[in-house]
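Note on naming: letters A, B, ... go to the chains in the order of the sequence lines (proteins, then strands), and numbering restarts at 1 for each one.
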Amino acid sequence: MSTLIYLIPIALFLGGLGLAAFLWALKSGQYEDLDGASWRVLDDGDGKPEKD
Amino acid sequence: MSCCATGVEGALEIERAGQGLPASEELWLASRALGDGLRQTDLSVPGVHCGACITTIEGALRKRPEVERARVNLSSRRVSVVWKEEVDGQRSDPLEIARAIRGCGYESHLFAAGEEEGDVLLKQLIRAVAVSGFAATNIMLLSVSVWSGADAATRDLFHWVSAMIAAPAMIYSGRFFYQSAWNALRHGRTNMDVPIALAVTLSYGMSLHETIGHGAHAWFDASVTLLFFLLIGRTLDHMMRGRARSAISGLARLSPRGATVVNSDGSRDYRPVDEIKPGERLLVAAGERIPVDGRVLSGASDLDRSVVNGESAPVAVGAGDSVQAGTLNLTGPLTLEATAAARDSFLAEITGLMEAAEGGRARYRRIADRAARYYSPAVHLLALLSFIGWMLVEGDVRHAMLIAVAVLIITCPCALGLAVPVVQVVAAGRLFQGGVMVKDGSAMERLAEIDAVLLDKTGTLTMGEPRLVNASEVDPGALATAAALALHSRHPIATALHEASGAVQPLVGEIREIPGAGIKGETSDGMYRLGSRAFACGDAGAASGQSEAILSLDGRELACFRFEDRLRPAARETVEDLSRLGLTTGILSGDREPVVAALARRLGIATWRAELSPRGKVDACAAAAEGGHRVLMVGDGINDAPALRAAHVSMAPATAADVGRQAADFVFMHRSLSAVPFAIETSRRAGRLIRENFALAIGYNVIAVPVAILGYATPLVAAVAMSTSSLIVVFNALRLKGLGTASAPASPPHAAGLQTVRSLP
């Protein structure tokens, strides 16, 4: 029982971390162009990420 | 890469039908200042198809000194360019950006203002899905522990934690349903969201009550999972509409954004169309669209009026003639006097007619709404009856309430909420691959119901481009000479001539186009003339019914070229397919009677009407509707737009006028007309799957509801039942995709691909 006191908050925290990561990704526009993203993976380019 | 080649082809096609690059001033008007001397321009590039297209365009743009950064969005087929206002003290020209894109073989267009803002609602929905998904998984974990035997203090703890996770999630994610349910109730209606809101709230309240009283069962997981599934359905529904709309609005525009105005002191201004007042003098160069209704003051030219009245042959205009907004000035520059402001122009008149025609369609209720009308009162009644029943049997308010909540949760239209959007998203995806874009789900529902098809002639059954029909009878030398002369004109007949002749040896000499008449070339052989018989040979002669062009040398006729509008690919097969599908086909055209009659004979269409005004087309659609028919209207011009609105459902080619495309429910990107039966078949199949899904959801209720009413619906049973029904519905919807990939190529690049699709059973 006592371990639950730690485990539940830890589980929630980790889950919350995932949620926060997703919301951040959404906000930073990473889901704006899903079709393009799958092609950009194949682009050799100069290896540098986009500026925006 | 093959897909790129078609991208280029598609772009060229649009270019031919529409206009060239936007004007430099127009681009300045449309760009946004970002501060620090930077501006941003968003252009629509309908031709991008794959990774290589992205790299090509971005690479070409980054090479330009004024471009700060460029990024192509493949989903919305747009490129956003950030550029410096000045490079080395020189004002940069945004036209260079558009030119660089064209240099890679892609056509770019501006799109209407106000459409570029991101989809706010979609983001809210996705966030709500994420939050409810997070809450659902965590509460599920805790619930599983309860189901597997946690009891007493541990169970209470788990329930309390669940309650605390569920509360914010329900407020945040559930607000869409609460708002919609409240709106419906306030107006004395009920919709699918009412039982959802009620079930979620009641189950949360009951669970909290149970938790406080150390009860064994709580329904937190059920209420949050319900929200999660329903939000997925709603998000899919929303995504489908948004995507097609942004792609459609991104194509070539028709009404110009501005025009060059000559002020009274002779200075020239480029002004937005809205600011042009009647009485002002305008300059319209060859190749530009007429911005507002006006009268020609000076100059002579040919106007392509096909978007206005469907007439395929260009009309010569000179001083004193009145011209309509939206028509394309083909051969010579014109000075106009504006006779109406933009909001009173012909285009605006059409818009008014369109709004008036809207009625027939506005009455249409989506399948899901119709289902909700019967479903939600039934659900409420059932829950109420079980509450009363258990009160009579046991007299225990708490237990009766628990049963009633269980009934509400089990019957909650979870599967129903997913049934329609999932099928429609899959079907829309399949149509998208086949080159057909859908505005929204109800369009597919309506398309599945039609029993008659009305087709426009110019631009729909035909390409709206003349083609040389007597090439074999004409002397090849004369054809080459004519083609060399034709190179100097933008007239559609000139385009057809040099298309027919292939590579052309340029003529040496002075070549000049006489607007409204033809082309003449002064060479060492003598004076070549290409144009109407009166122009080429000097005699007024009898004007032939067909479009023709005469080539003459010093007034002596060398050759007579005859032209005919070419049929859209697969037009004949399409008409056959439509009758095979049990549909009657007719033609509605604004063009002259003999032309329409000849075409109808050629295609084997018995019913046709010619010389119809925009209002006449609307009336024809309305008459069909009154006769109990549900009509699919296929058309492209401005003159078709009101009819596209008036018909039960409508379709337009991507080369259609802007207004036409906006009015249509479906837009097909490829040249072939076989997109029409393809869309009908896909919609019908989607309709079948939706009905199957409804049957599945109802069948599930028939089994689950008695379980709930009898009081056996523990939270575990509810959770399993709900998820299973949702999953079954989703898998059933995915069958459409399976069927699709079996017979349709993954990405039919053009007409050839669509023809294989057409051979579906």
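With hydrogens and angles disregarded, a donor-acceptor distance shorter than 3.5 Å links the side chain of Arg155(B) to the backbone of His214(B).
The contact between Asn138(B) and chain A is made entirely by side chain atoms (from C-beta outward), counting heavy-atom distances below 4.5 Å. If you measure heavy-atom distances from Leu141(B) to chain A, you find no contacts under 4.5 Å at all. With a threshold of 4.5 angstrom between heavy atoms, Val82(B) does not approach chain A through any atom at all. Only the side chain of Leu23(A) comes within less than 4.5 Å of a heavy atom of chain B; its backbone N, CA, C and O stay farther away. Looking at Leu12(A), the atoms closer than 4.5 Å to chain B (heavy atoms on both sides) sit in the backbone and in the side chain alike. With a 4.5 angstrom heavy-atom cutoff, Ile54(B) touches chain A only via side-chain atoms.
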Next on the checklist: side-chain hydrogen bond (donor to acceptor under 3.5 Å, both in side chains) for Thr41(B) and Trp83(B)? Distances and angles first, verdict last.
Outcome noted: CA-CA 8 Å; Thr41(B) 299; Trp83(B) 45 280; 2.7 Å; yes
Checklist entry - Step by step, would you call Leu227(B) with Met170(B) a side-chain contact (heavy atoms from CB on, under 4.5 Å)? => result CA-CA 8 Å; Leu227(B) 283 184; Met170(B) 278 173 45; 3.8 Å; yes
Item to check | Chi angles and distances behind the side-chain contact (heavy atoms from CB on, under 4.5 Å) call for Leu43(B), Arg78(B) | outcome: CA-CA 6 Å; Leu43(B) 292 170; Arg78(B) 279 178 190 174; over 6 Å; no
Item to check | Derivation of the salt bridge (Lys or Arg N to Asp or Glu O under 4.0 Å) call for Arg39(B) and Glu85(B) | outcome: CA-CA 7 Å; Arg39(B) 295 187 83 86; Glu85(B) 276 174 30; 3.4 Å; yes
